[in-house]
*Asks:* 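Just dropping this structure here.
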Amino acid sequence: MSKKSMLWSAALLAGFVCLGLAAAPVAVADDVEIKIELPEPFFGGTPIDYWSPNLEPEDFKDRPPFMAPEGTALVSKDKPVTSSEAPLHGKLTQITDGDKDYARSSTVEIPGDLQWVQIDLEEEKEIYALVVWHFHEGKRVYFDIVVQASNDKEFSDGVTTIYNNDHDNSSGLGVGEDKEYQENYQGRLMDAKGVSARYVRLYSSGNTADDFNHYVEVEVYGK
């Protein structure tokens with residue numbers, strides 16, 4: 001092989017190597033388990049007399065681990081909470097205070113019909129999970145649970161729906177594909193899929209025991 005051919009071959013090889021390096025995928029850190037602290041369970045209560053085609057079977061198993069990008073943490077602790085109507089019992093600050101006990105003293109009661117509570121994370125976050133405890137001193141199903149996220153405080157623009165189990169659109173927020181469920185001490189974990197938002201709003205419209213809307217705690221996990 002001539003010297004010129006050897007130099008040309010070397011140049012081609014170097015080019016292929018550089019292309020290979022440029023095309024190599026960037027390593028992404030593995031997701032890690034998000035640690036969610038659960039309250040003490042309530043042992044008691046009677047089965048609810050309620051059936052719906054949208055009610056999922058009660059699951060007594062432990063919830064599988066929830067995985068999210070490393071660095072995801074609880075970002076809602078002690079953040080400000082507002083609501084569509086003032087509480088009849090308890091204070092809105094209790095919804096993000098970390099107290100998840102089933103006692104009535106740990107429960108916030110909002111008037112009946114469709115109402116919402118809203119958490120201000122005080123800055124935009126990538127939200128990966130949300131856990132809500134409406135009530136767990138016995139068996140209940142809460143109706144028209146819709147959870148949304150937005151950077152607009154009034155939720156009139158840029159709204160992303162995280163969860164919606166309103167199967168007949170009685171809330172006027174759209175038909176949901178999620179299931180109704182019986183409340184328990186594990187709360188309901190909702191996958192937010194990394195939506196970027198500052199505000200989280202949670203709707204509900206009464207429950208199988210009465211017309212009121214209740215919250216024990218809401219936790220938002222993000223980064």
Side-chain angles (χ1 to χ4, degrees), residues 48-59 76 79-92 94-96 107-121 127-184 186-222:
I48 60 172
D49 183 18
Y50 172 75
W51 180 87
S52 161
N54 197 45
L55 178 64
E56 69 181 20
E58 191 171 11
D59 186 356
S76 55
K79 291 296 189 289
V81 182
T82 54
S83 61
S84 52
E85 293 284 348
L88 299 171
H89 171 80
K91 299 179 180 179
L92 292 175
Q94 293 177 255
I95 295 176
T96 58
T107 304
V108 179
E109 185 173 84
I110 309 289
D113 299 322
L114 186 70
Q115 306 291 350
W116 54 259
V117 298
Q118 181 169 308
I119 300 172
D120 180 2
L121 301 176
I127 302 171
Y128 290 96
L130 183 144
V131 189
V132 55
W133 289 262
H134 286 105
F135 183 92
H136 61 102
E137 189 181 11
K139 307 286 187 179
R140 289 187 183 182
V141 173
Y142 283 78
F143 304 128
D144 295 349
I145 296 176
V146 181
V147 179
Q148 298 179 330
S150 178
N151 280 313
D152 177 16
K153 184 178 182 180
E154 304 302 324
F155 277 73
S156 58
D157 183 59
V159 177
T160 299
T161 297
I162 296 172
Y163 190 94
N164 182 347
N165 69 8
D166 178 10
H167 66 281
D168 59 3
N169 196 28
S170 56
S171 66
L173 298 168
V175 175
E177 297 183 356
D178 296 300
K179 295 293 187 181
E180 294 179 333
Y181 61 91
Q182 293 192 46
E183 299 284 335
N184 64 41
Q186 296 186 73
R188 187 65 166 192
L189 189 150
M190 303 167 181
D191 188 349
K193 304 183 187 303
V195 61
S196 185
R198 170 174 172 171
Y199 302 97
V200 175
R201 181 178 286 190
L202 303 95
Y203 294 86
S204 62
S205 185
N207 65 87
T208 51
D210 54 47
D211 294 331
F212 301 118
N213 301 283
H214 301 96
Y215 291 89
V216 171
E217 190 76 9
V218 176
E219 292 187 336
V220 181
Y221 291 85

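For the single chain, residues carry numbers from 1 onward in sequence order.
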*Asks:* Would the number of heavy atoms belonging to other residues, nucleotides or ligands and lying under 6.0 Å from CD of Glu56 be above 12?
*Replies:*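 More than 12 heavy atoms, drawn from other residues, nucleotides or ligands, come within 6.0 Å of this atom.
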*Asks:* List the atom of Ala86, the atom of Pro111, and the distance in Å for their closest heavy-atom pair.
*Replies:*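 Looks like O-CD, 3.4 Å.
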*Asks:* Which atom pair, heavy atoms only, marks the closest approach of Val218 to Ser76?
*Replies:*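 In this case the closest contact between Val218 and Ser76 is O-OG, 3.7 Å.
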*Asks:* Are Asp168 and Ser170 linked by a side-chain donor-acceptor pair shorter than 3.5 Å?
*Replies:*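 Yes, a side-chain donor-acceptor pair sits under 3.5 Å.
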*Asks:* Report the relative orientation of the aromatic rings in Phe135 and His214; use parallel for angles under 30°, tilted for 30 to 60°, perpendicular for over 60°.
*Replies:*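 Phe135 and His214: tilted rings.
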*Asks:* So, the side chain of Asn207 versus the backbone of Asp211: is there a donor-acceptor pair under 3.5 Å, distance only?
*Replies:*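 Answer holds: no.
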*Asks:* Determine whether a donor-acceptor pair (N or O, by modelled atom type, separation under 3.5 Å) exists between the side chain of Asp166 and the backbone of Gly176.
*Replies:*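 No.
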*Asks:* According to side-chain hydrogen bond (donor to acceptor under 3.5 Å, both in side chains), who are the partners of Thr82, at least two apart in sequence or on a separate chain?
*Replies:*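 side-chain hydrogen bond (donor to acceptor under 3.5 Å, both in side chains) list for Thr82, sorted by chain: empty.
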*Asks:* Heavy atoms, side chains only, cut-off 4.5 Å: are Arg198 and Asp120 in contact?
*Replies:*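 The answer is yes; the side chains approach within 4.5 Å.
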*Asks:* Is the side chain of Asp144 donor-acceptor paired with the backbone N or O of Leu114 at a distance under 3.5 Å, no angle test?
*Replies:*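 Here the side-chain-to-backbone pair does not exist.
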*Asks:* Any non-hydrogen side-chain atom of Phe143 less than 4.5 Å from a side-chain atom of Thr208?
*Replies:*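 Contact flag for Phe143/Thr208 side chains = yes.
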*Asks:* Would you indicate whether the side-chain heavy atoms of Leu121 and Val220 approach each other to under 4.5 Å?
*Replies:*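 A side-chain contact exists here, since the closest heavy-atom pair is under 4.5 Å.
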*Asks:* Kindly say whether Leu202 contributes a backbone atom to a donor-acceptor pair with the side chain of Tyr215 at under 3.5 angstrom?
*Replies:*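 It does hold such a pair.
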*Asks:* Look at the aromatic rings of Tyr203 and Trp116 and report parallel, tilted or perpendicular, splitting at 30° and 60°.
*Replies:*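 Perpendicular: the ring planes of Tyr203 and Trp116 meet at over 60°.
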*Asks:* Any donor and acceptor pair, going by atom type alone, linking the side chain of Asp152 with main-chain N or O of Asp157 inside 3.5 Å?
*Replies:*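 At least one qualifying donor-acceptor pair exists.
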*Asks:* Show the nearest heavy-atom pair for residues Val132 and Met190, with the distance to one decimal.
*Replies:*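 Nearest heavy atoms, Val132 then Met190: CG1-CE, 3.6 Å.
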*Asks:* Report yes if the side chains of His167 and Ser52 come closer than 4.5 Å at any heavy-atom pair, otherwise no.
*Replies:*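 Contact flag for His167/Ser52 side chains = yes.
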*Asks:* Side chains of Tyr142 and Arg140: is there a donor and an acceptor less than 3.5 Å apart?
*Replies:*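 The answer is yes; a qualifying pair exists.
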*Asks:* Among all residues two or more places apart in sequence or in another chain, which pass the side-chain hydrogen bond (donor to acceptor under 3.5 Å, both in side chains) test with Gln182?
*Replies:*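 Residues passing side-chain hydrogen bond (donor to acceptor under 3.5 Å, both in side chains) with Gln182: none at all.
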*Asks:* Got a donor-acceptor contact below 3.5 angstrom from the Asp178 side chain to the Asn164 backbone?
*Replies:*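 Side chain of Asp178 to backbone of Asn164: a pair is present.
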*Asks:* Side chains of His89 and Phe212: closer than 4.5 Å at any heavy-atom pair?
*Replies:*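 His89 does not reach Phe212 side chain to side chain.
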*Asks:* Under 3.5 Å, side chain of Ser204 to main-chain N/O of Asn213, donor-acceptor pair present?
*Replies:*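 Between the backbone of Asn213 and the side chain of Ser204 there is no qualifying donor-acceptor contact (under 3.5 Å).
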*Asks:* Without swapping roles, check the side chain of Asn54 against the backbone of Asn165 for a donor-acceptor pair under 3.5 Å.
*Replies:*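 Here the side-chain-to-backbone pair exists.
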*Asks:* Checking the side chain of Gln118 only, and the main-chain atoms of Lys153 only, is there a donor and an acceptor separated by less than 3.5 Å?
*Replies:*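 Flag set: sc Gln118 to bb Lys153 pair under 3.5 Å.
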*Asks:* Do you know the tightest heavy-atom contact between Ile127 and Ala192?
*Replies:*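 Minimum heavy-atom contact is O-CB, 3.3 Å.
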*Asks:* Cation-pi check for Tyr181 against Arg188: NZ or CZ below 6.0 Å from the six-membered ring centre and within 45 degrees of the axis, yes or no?
*Replies:*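 Yes, Arg188 lies over the aromatic ring of Tyr181.
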